[in-house]
There are 2 protein chains.
Amino acid sequence: MNLNDFRYFKKLSEMKSFSETAHYFNVSQPTITYAIKRLETEYDTKLVERKSYANSLSLTFSGQQLLQHVEKILREDNLVKADLSRIKQKKIKMGLPPIITNYLVPQIFDDLKDFDYLNRLIPVVDGSKELMERLKDGDIDLSLLGSTTLPVDPELEYKVLDIHAFKIIASKDRNFKDDLKLSDLINEDFIILDEKSVHKQVFNNFIDKYNVSPKIIFQTSDYKLLLQLVKENKGISFITETAISKTSGIQELQFNNLELPSFYIMIVYRRGTVKGSIFQKLISIFENITLKN
Amino acid sequence: MNLNDFRYFKKLSEMKSFSETAHYFNVSQPTITYAIKRLETEYDTKLVERKSYANSLSLTFSGQQLLQHVEKILREDNLVKADLSRIKQKKIKMGLPPIITNYLVPQIFDDLKDFDYLNRLIPVVDGSKELMERLKDGDIDLSLLGSTTLPVDPELEYKVLDIHAFKIIASKDRNFKDDLKLSDLINEDFIILDEKSVHKQVFNNFIDKYNVSPKIIFQTSDYKLLLQLVKENKGISFITETAISKTSGIQELQFNNLELPSFYIMIVYRRGTVKGSIFQKLISIFENITLKN
DNA sequence: CCTTACTTATAAATATTTTTTATCAATTAT
DNA sequence: ATAATTGATAAAAAATATTTATAAGTAAGG
């Protein structure tokens, strides 16, 4: 049996029309009819309910169950092509979220250079959320990621490289009393990272938990810009300490009784990625960071 | 492209011989050659290293990576057939480990009868380990299971129905002092469940943890037999309290400072199983047990 | 070193499977 | 009622997979 039959079936279940599905694949309409028929014969079950003609078509219970499996199979099949084509190129496509990259890469730059990895890596710079998706889609081989939770996705394997904390930061020019409470910040302007980053979500949880409503005056996905603005005292911010190491002109505000989640810095890859020596070595270079710190 | 090519490829990787693989599938030898060739053309990569003829054949790096995906795809394809054939029969195949079944099923027997489930269930009686495997293979739809850990397998979903403790038990005829220590049991004969059950493993961990070496005189997979033997004072045993509810003639020994893992009683099924009303209802019947207790 | 046995590859023929073309029948919309 | 649309079917064509027959490479035994 042909994988195309699965593709036809899946699309049909979405489009709910034999002829449109046929058109989508640039095949004739009977092709779809016969494909479904083949599946129904193969499994000896009715899969598609052809309600009185132009009416919307639906899957039988068996059809729904089949669809579940078909989607998994096709997803896997797409991964194959993505994987093999990258192996052929002897390149490794790596996701790099800016904050983490700026923090980690300088630490291992020499190692990467020594082992001739600099030109083997195809960097993909984006937010952690987006990178996680692209990783699962097989579009990238591995990724650095920052998150407050460890991935529960069965398909992913990860190594925690570092655990950082979130901080509330302000310009060095400002003077705050020693024993700050959140309520003291009620009149402050906040500048935060936008929804591309996990920061936004953590910030929202934070707002809920402590039942405060800080004034957000600006959001950006560019953390360097954010730091610059804070430095210039355009507002205060909320960010992982990862972002502010080796940054001057900025102070961390100290609170008591302020609980914030941990920020896990990880390297993540798909389970079952056959780890060639290049891949293996790359991961070990990153793992060694943990030892250095 | 045909799923058969994947099957040929997988088998070839196991058998490491084109002609044997062909023989296995009852096809001619060139069939395998062409199948591999098709895959190699499709992915534009060499997959199989044909070492100087009669020598053992090996997969290239790309081949290994492909194999990973192929195995997933074929596993999924097998699930389809198993699933759909069971749906057709309107039957639900359910795994039942004896101890848990004897404990739970009386509690819900009337419900099962009222909703006419008694003849819809195909019972599969076996140990928890075996059942877990068969569940993943799609050979059974759902299963009761007992375990000291919650399933981490991504493919499985579960509901905890009850949490029990492990006990050390002896015949009521015996007299033990109140403040028992493990060392007091050094001369006792132990009768335990064999490796088909999780008990064996828990027992082994227990031995390691407390660094004792109890004398095991008999192992069985039949817990009723075990209880009978304990009752008759042929030895003492180690078992979850699940097994001894409503059993007379047996006492639990009390220790202080004895830490044993919890025994989770769960109902487990594959994630993505399309839950028809029958399935749904069945799970809810079992879930209601939790409320009753 | 030659021969035999065994293995995989290739070409051509054949068989099987998938798709198309042409057409029909059922239904909806006008 | 008629036209338009949708899915089903039969027969033909096209594409794909498999077989037969054979070649060619290698290892082992004499």
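These figures come from a predicted structure and were not determined experimentally. Quick note on labels: first sequence line is chain A, next is B, and so on, each numbered from 1.
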Interatomic distance, CD@A:Glu130 vs OG@A:Ser143, rounded to 0.5 Å, equals 10.5 Å
Can you tell me how far [atom2] of [N] sits from [atom1] of [X], to the nearest Å?
| X | N | atom1 | atom2 | answer |
| --- | --- | --- | --- | --- |
| B:Leu12 | C:dT8 | CG | C1' | 11 Å |
| A:Phe25 | D:dA15 | CZ | P | 19 Å |
| A:Glu42 | C:dT17 | CD | P | 11 Å |
| A:Glu20 | D:dA4 | CD | P | 19 Å |
| A:Asn4 | D:dA14 | CG | P | 19 Å |
| B:Leu57 | C:dA9 | CG | C1' | 14 Å |

Of A:Ser19 and B:Val27, the one whose closest nucleotide on DNA chain D sits nearer the 5' end is A:Ser19
Quick check on contacts: within residues 31-41 of chain A, what sits under 4.0 Å from DNA chain D by heavy-atom distance?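 Result for residues 31-41 of chain A: A:Thr33, A:Tyr34, A:Lys37, sorted by number.
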Under 4.0 Å, heavy atoms only, any strand: does B:Tyr8 hit a base, just the sugar-phosphate, or nothing? sugar-phosphate
With sequence neighbours excluded, residues passing ring-ring contact (aromatic ring centres under 6.0 Å, His included) with B:Phe25: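 Per chain and number, B:Phe25 pairs via ring-ring contact (aromatic ring centres under 6.0 Å, His included) with B:Tyr8.
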Practice prompt. Under the side chain to side chain donor-acceptor pair (under 3.5 Å) rule, what do B:Thr33 and B:Gln29 come out as? Steps first, then yes or no, please.
Written response: CA-CA 7 Å; B:Thr33 303; B:Gln29 168 265 311; 3.0 Å; yes
Whichever of A:Asn2 and A:Pro30 has the more 5' nearest nucleotide on DNA chain C, that residue is A:Asn2
### Query
For C:dT19, does either OP1 or OP2 sit under 4.0 Å from a side-chain N or O belonging to A:Ser28?
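Indeed not, no polar side-chain atom of A:Ser28 lies that close.
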- Query: Quick one: is C:dA9 close enough that its OP1 or OP2 comes under 4.0 Å of any side-chain N or O from B:Arg50?
  - Reply: yes
Output, in order, the C-alpha distance, side-chain angles, deciding distance and verdict of side chain to side chain donor-acceptor pair (under 3.5 Å) for A:Arg75 and A:Asn78.
-> CA-CA 5 Å; A:Arg75 216 176 302 133; A:Asn78 288 335; over 6 Å; no
B:Phe115 vs B:Ile278, side chain to side chain contact (heavy atoms under 4.5 Å, CB included): CA-CA, chis, key distance, verdict:
CA-CA 9 Å; B:Phe115 294 107; B:Ile278 308 173; over 6 Å; no
Query raised in the report: side-chain hydrogen bond (donor to acceptor under 3.5 Å, both in side chains) with B:Asp5: which of B:Lys37, B:Lys10, B:Arg38?
Result: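 It is B:Arg38; the other options fail the test.
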Out of D:dT9, D:dG7, C:dA9, minimum distance to the side chain of B:Gln29 belongs to C:dA9
Against the side chain of B:Asp5, the closest entry in D:dA17, C:dT20, D:dT19 is D:dA17
Please set out all donor-acceptor pairs under 3.5 angstrom arising from side-chain atoms of residues 264-271 of chain B, sequence neighbours excluded.
{"residue": "B:Arg270", "atom": "NE", "partner": "B:Leu135", "partner atom": "O", "Å": "2.9"}
{"residue": "B:Arg270", "atom": "NH1", "partner": "B:Asp83", "partner atom": "OD1", "Å": "3.3"}
{"residue": "B:Arg270", "atom": "NH2", "partner": "B:Ile140", "partner atom": "O", "Å": "3.1"}
{"residue": "B:Arg271", "atom": "NE", "partner": "B:Pro154", "partner atom": "O", "Å": "2.8"}
{"residue": "B:Arg271", "atom": "NH2", "partner": "B:Leu156", "partner atom": "O", "Å": "3.3"}

